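Working notes, structure below.
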Amino acid sequence: MIKVTRLNGKCFHINALYIDTVESLPDTTITFTNGKKIVVLEKEEELVEAIIQFYRTVNILGFRKDVEESS
C-alpha cells in the first residue's frame, strides 16, 4: 500500500499492485487496472519511488534492497 493525498488534502492508501499508469496531465493522475482514475497531490516521480519502495517491502519479483546491496 502507498499513501497518497487527494486534491482536497485528504490522505488515504492505495494498493500499488493495481496501478496501471501514473501520468502528469499536469495534475498527477493514477489509473488503476480496472480503469478507475484518481487525481492526487504527489508528483509523478514521488509515486514511482513509493511504488518501487512498496515492491521492495513486499519482496515481489525478488526485488529486495538488501540483496541488491550485497551484490
Side-chain angles (χ1 to χ4, degrees):
M1 303 293 277
I2 61 172
K3 186 177 181 179
V4 294
T5 311
R6 290 191 190 273
L7 296 181
N8 65 7
K10 184 175 181 177
C11 296
F12 61 104
H13 290 82
I14 59 174
N15 190 334
L17 294 174
Y18 296 108
I19 294 174
D20 186 34
T21 59
V22 177
E23 302 171 275
S24 299
L25 300 172
D27 292 327
T28 306
T29 304
I30 301 171
T31 303
F32 294 92
T33 55
N34 66 1
K36 182 177 179 180
K37 296 179 184 251
I38 60 171
V39 179
V40 297
L41 288 177
E42 287 78 10
K43 300 289 184 200
E44 183 178 343
E45 295 78 18
E46 294 171 335
L47 290 177
V48 169
E49 187 59 37
I51 292 167
I52 291 169
Q53 185 59 41
F54 168 76
Y55 282 128
R56 283 183 176 144
T57 301
V58 298
N59 192 25
I60 196 163
L61 305 175
F63 193 52
R64 292 180 45 183
K65 186 176 182 178
D66 60 331
V67 173
E68 292 173 7
E69 292 174 350
S70 64
S71 21

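When reading the values below, keep in mind they use all heavy atoms of this one structure, side chains included, and skip hydrogens, waters and symmetry mates. Computed from a predicted model, the values in this text were never measured in an experiment.
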Can you give me every donor-acceptor pair (side chain of residues 39-47, partner residue at least two apart or in another chain, under 3.5 Å) with its distance?
unit_1, atom_1, unit_2, atom_2, d
Glu42, OE1, Thr5, N, 3.0
Glu42, OE2, Thr5, N, 3.1
Glu42, OE2, Thr5, OG1, 2.8
Glu44, OE1, Ser24, N, 3.4
Glu44, OE1, Ser24, OG, 2.7
Glu46, OE1, Lys43, N, 2.8

With heavy-atom distances below 4.5 Å as the criterion, would you say the side chains of Val58 and Leu17 are in contact? no
To the nearest 0.5 Å, how far apart are OG1 in Thr21 and NZ in Lys37? 6.0 Å
Set of side chain to side chain contact (heavy atoms under 4.5 Å, CB included) partners for Ala16, sequence neighbours left out: Ile2, Ile19, Ile51, Phe54
Separation between CG of Asp27 and CG of Leu7, rounded to the nearest 0.5 Å: 5.5 Å
Supply the atom-to-atom distance Ile30 CD1 to Ile38 CD1, rounded to the nearest 0.5 angstrom. 4.0 Å
Tyr18 meets the side chain to side chain contact (heavy atoms under 4.5 Å, CB included) criterion, sequence neighbours left out, with Asn15, Phe32, Thr33
